[in-house]
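Accompanying notes for the structure given below.
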Amino acid sequence: MNAADTAWILVATALVLMMSLPGLALFYGGLVRARNVLSVFMQCFALAALMSVLWLAVGYSVAFGGDGAVWGGLSRAFLAGVDGATVRGTLPEILFFAFQMTFAIITPALFLGAFAERVNFAFVLLFSALWMVLIYAPVAHWIWGGGFLADGGIFGAVGTKDFAGGIVVHETAGLAALLLAAAVGPRKNRTTPPHNPGMVAMGAGFLWVGWFGFNGGSQLAADGGAAMAIAVTHISAAAASLSWAAWERIKFGRASLVGIVTGTIAGLASITPASGYVGPASALLIGAVAGVLCQEAVALIRNRTRLDDTLDVFAVHGVGGIFGTVMVAVLGAGAWVAQIGALVIVGVFTLAGSWVLIRLCALAVPLRVDAEAEFNGLDIATHGERAYDMNS
């Protein structure tokens with residue numbers, strides 16, 4: 001057990017939780033109509049609580065409880081055999097559990113943006129619970145827990161390189177978001193602007209700072225690798241912010257606040273899988289491309305498809321994570337067959353598994369609220385509260 005490593009991962013754990021609470025809650029909450037902002041906050045807080053309990057009960061064990069090729073087993077269910085003295089690498093295992101728990105919280109929280117303003121709260125809880133245990137936790141095991149996509153697996157001695165979640169977090173959440181948007185259906189009114197861009201910017205700021213724990217903490221040590229991961233994370237976010245704003249200016253004649261901070265998130269998502277393997281110059285390239293690429297993905301999905309991915313989860317997180325994973329191979333930090341192979345395997349599994357879970361959950365609870373509840377807003381209709389005296 002190393003004291004410096006332990007101290008750093010304690011801080012990183014808090015930073016990653018801050019990404020969900022309040023970062024993602026503010027970011028998504030500001031993007032919806034005023035009559036739905038509390039529903040977004042409620043979903044974020046409820047998932048943080050629910051995923052924490054499920055991670056303790058079974059999720060951690062499925063992901064990190066054993067060395068099976070596809071399943072970690074249940075030997076660590078409810079942290080059986082783990083106490084303050086149990087060590088994993090240079091860390092107390094209870095700290096490793098807590099750090100990974102924050103990833104299990106934010107991953108399903110990402111796809112909340114796909115069906116915002118019209119989804120049934122009971123469906124959110126049921127689907128997210130099953131998805132985290134049956135989709136996210138197995139994928140985390142395959143790549144991070146010694147499963148068949150890791151080093152020594154089906155791709156040979158050097159397996160898939162996904163430093164902090166380009167595949168495990170962003171691809172899985174992004175693809176699930178696409179299916180959820182299709183299953184729930186579009187909003188009655190898809191043209192309402194964000195009700196509070198200032199709130200969006202505050203949320204993006206929390207996410208930017210918290211991402212230092214997300215990527216830097218994934219080194220699982222207080223060393224130069226963690227420092228480099230933090231530096232390249234920041235550079236990619238900065239470059240993507242600027243390239244998004246510049247591309248907006250070229251296309252529309254102005255750069256928006258919501259646009260530049262969305263570019264920030266695109267740069268953060270794109271550098272995530274590569275953050276432990278590349279240097280500053282590569283991060284600058286990744287971020288600069290991500291700002292334009294993800295903006296074009298937003299336009300493509302909004303304008304050329306009937307999907308209403310309300311807050312552009314797939315275009316920003318999914319496309320960013322996939323792009324960053326491919327760039328690991330482009331920059332020579334990983335093998336092409338391992339990077340592309342893992343994207344395909346995890347993509348097929350996520351799409352098939354998520355679709356089955358959507359259908360099963362729909363048999364138990366409605367996916368969508370009724371038209372009156374959607375018109376009045378989920379804050380009042382579902383939770384009996386208002387964020388403001390006057391609704392937009």
_Just checking D223: does its CG atom have more than 12 heavy atoms from other residues, nucleotides or ligands closer to it than 6.0 angstrom?_
yes

*asked:* Could you tell me if the side chain of F111 sits less than 4.5 Å from the side chain of T172, heavy atoms only?
replied: no

_Same apolar cluster (I L V M F W Y, side chains within < 4.5 Å links), M327/V337_ = yes

*Aromatic rings H317 and H170: how do their planes relate, parallel, tilted or perpendicular, breaks at 30° and 60°?*
parallel

*Is any side-chain heavy atom of L38 closer than 4.5 Å to a side-chain heavy atom of R386?*
no

*Mind checking the CG-CG spacing from L180 to L357? Nearest 0.5 Å is all I need.*
10.0 Å

*asked:* Are L257 and V32 linked, directly or through intermediate hydrophobic residues, by side-chain heavy-atom contacts shorter than 4.5 Å (ILVMFWY only)?
replied: yes

*asked:* Donor-acceptor check, side chain of Y28 to backbone of C44, threshold 3.5 angstrom: yes or no?
replied: no

*Is the side chain of S275 donor-acceptor paired with the backbone N or O of A229 at a distance under 3.5 Å, no angle test?*
no

*Judged by modelled atom types alone, do T382 and S39 share a side-chain donor-acceptor pair under 3.5 Å?*
no

*asked:* Taking the cut-offs as 6.0 angstrom to the six-membered ring centre and 45 degrees off its axis, would you call R359 and W355 a cation-pi pair?
replied: yes

_same_hphob_cluster(V356, L178) at 4.5 Å side-chain heavy-atom cutoff_ = no

_A342 to L149 - nearest heavy-atom pair and separation_ = CB-CD1, 4.2 Å

*L343 and V326: which non-hydrogen atoms are nearest, and at how many Å?*
CD1-CG2, 3.8 Å

_Heavy-atom pair with the smallest gap, counting every atom of V232 and P280_ = CG1-N, 3.8 Å

*Would you indicate whether the side-chain heavy atoms of D5 and L220 approach each other to under 4.5 Å?*
no

*Check: Y388 and V37 side chains under 4.5 Å, non-hydrogen atoms*: yes

_Is it the case that the side chain of W71 and the backbone of A63 share a donor-acceptor pair, with hydrogens and angles ignored and the cut-off at 3.5 Å?_
no

*Donor on one side chain, acceptor on other, T310 and R190, under 3.5 Å*: no

*Look only at the side chain of E385 and the backbone of D379, and say whether a donor-acceptor pair between them is shorter than 3.5 Å.*
no

_For F103, run the ring pair (Phe, Tyr, Trp, His ring centres under 6.0 Å) check against F97, Y136, F214 and tell me which one passes._
F214

_Which heavy atom of S354 sits nearest to which heavy atom of W131, and what is that distance?_
OG-NE1, 3.0 Å

*Under a single-linkage definition using a 4.5 Å side-chain heavy-atom cutoff for Ile, Leu, Val, Met, Phe, Trp and Tyr, are V209 and L26 assigned to the same hydrophobic cluster?*
yes

*Only pairs at least two apart or in different chains count here, so list each salt bridge (Lys or Arg N to Asp or Glu O under 4.0 Å) that has a residue in residues 89-102.*
R76-E93

_So that I can tick it off, tell me whether R187 and D308 are bridged by a salt bridge, with the cut-off set at under 4.0 angstrom between side-chain N and carboxylate O._
yes

*I would like to know whether W55 and I105 meet side-chain contact (heavy atoms from CB on, under 4.5 Å); could you show each step before the answer?*
CA-CA 9 Å; W55 190 248; I105 290 169; over 6 Å; no

*Do K251 and Q295 touch side chain to side chain, with heavy atoms closer than 4.5 Å?*
yes

_Within a 6.0 Å radius of atom CZ on R306, are there more than 12 heavy atoms belonging to other residues, nucleotides or ligands?_
no

_Pair W8, Q219 - check side chain to side chain donor-acceptor pair (under 3.5 Å), show working._
CA-CA 10 Å; W8 162 232; Q219 178 73 2; over 6 Å; no

*Does the pair E117/R33 count as a salt bridge with the N-to-O cut at 4.0 Å?*
yes

*Over-ring placement of R368 relative to F115, 6.0 Å and 45° cut-offs*: no

_Please check this pair: side chain of W244 against backbone of T264, looking for a donor-acceptor N/O pair closer than 3.5 Å._
no

*Is the closest side-chain donor-acceptor distance between W211 and T272 under 3.5 Å?*
yes

_Heavy-atom closest contact (A387 atom, A34 atom, distance)_ = CB-O, 4.3 Å

*Which is it for V330 and V328 under the side-chain contact (heavy atoms from CB on, under 4.5 Å) test, yes or no, and what are the steps along the way?*
CA-CA 6 Å; V330 170; V328 172; over 6 Å; no

_Residue pair N215 / S218, side-chain donor-acceptor N/O under 3.5 Å_ = no

_hydrophobic_cluster_shared for V11 and M228, side chain cutoff 4.5 Å_ = yes

*Are the side chains of L50 and L125 in touch, meaning some heavy atoms are under 4.5 Å apart?*
yes

*Just by distance, do the side chain of S61 and the backbone of V58 share a donor-acceptor pair under 3.5 Å?*
no

*Output field: ring centroids H234/W208 closer than 6.0 Å*: yes

*asked:* ring-ring contact (aromatic ring centres under 6.0 Å, His included) for F96 and F64? Distances and angles first, verdict last.
replied: CA-CA 10 Å; F96 180 78; F64 299 103; 5.0 Å; yes

*Write down the atom of L130, the atom of C361, and the distance for their closest heavy-atom approach.*
CD1-SG, 3.8 Å

*Would you sort out whether L311 and L112 count as a side-chain contact (heavy atoms from CB on, under 4.5 Å), showing the intermediate values?*
CA-CA 9 Å; L311 308 183; L112 294 176; over 6 Å; no

*Residue pair V62 / P138, side-chain heavy-atom distance below 4.5 Å*: yes

*Judged by modelled atom types alone, do E296 and W247 share a side-chain donor-acceptor pair under 3.5 Å?*
yes

*Hey, is D309 close enough to R302 for a salt bridge, meaning N to O under 4.0 Å?*
no

*Considering the options V319, T262, D312, which one meets the side chain to side chain contact (heavy atoms under 4.5 Å, CB included) requirement together with V298?*
D312

*Can you check whether M51 reaches P108 side chain to side chain, under 4.5 Å on heavy atoms?*
yes

*Start with the C-alpha distance between T350 and E171, add both sets of side-chain angles, then the distance that settles side chain to side chain donor-acceptor pair (under 3.5 Å), and finish with yes or no.*
CA-CA 9 Å; T350 301; E171 183 192 15; over 6 Å; no

*Inter-residue atom distance Q43.CD - N36.CG, 0.5 Å rounding*: 9.0 Å

*Trace of the side-chain contact (heavy atoms from CB on, under 4.5 Å) decision for M1 with T6*: CA-CA 8 Å; M1 191 181 302; T6 299; 4.0 Å; yes

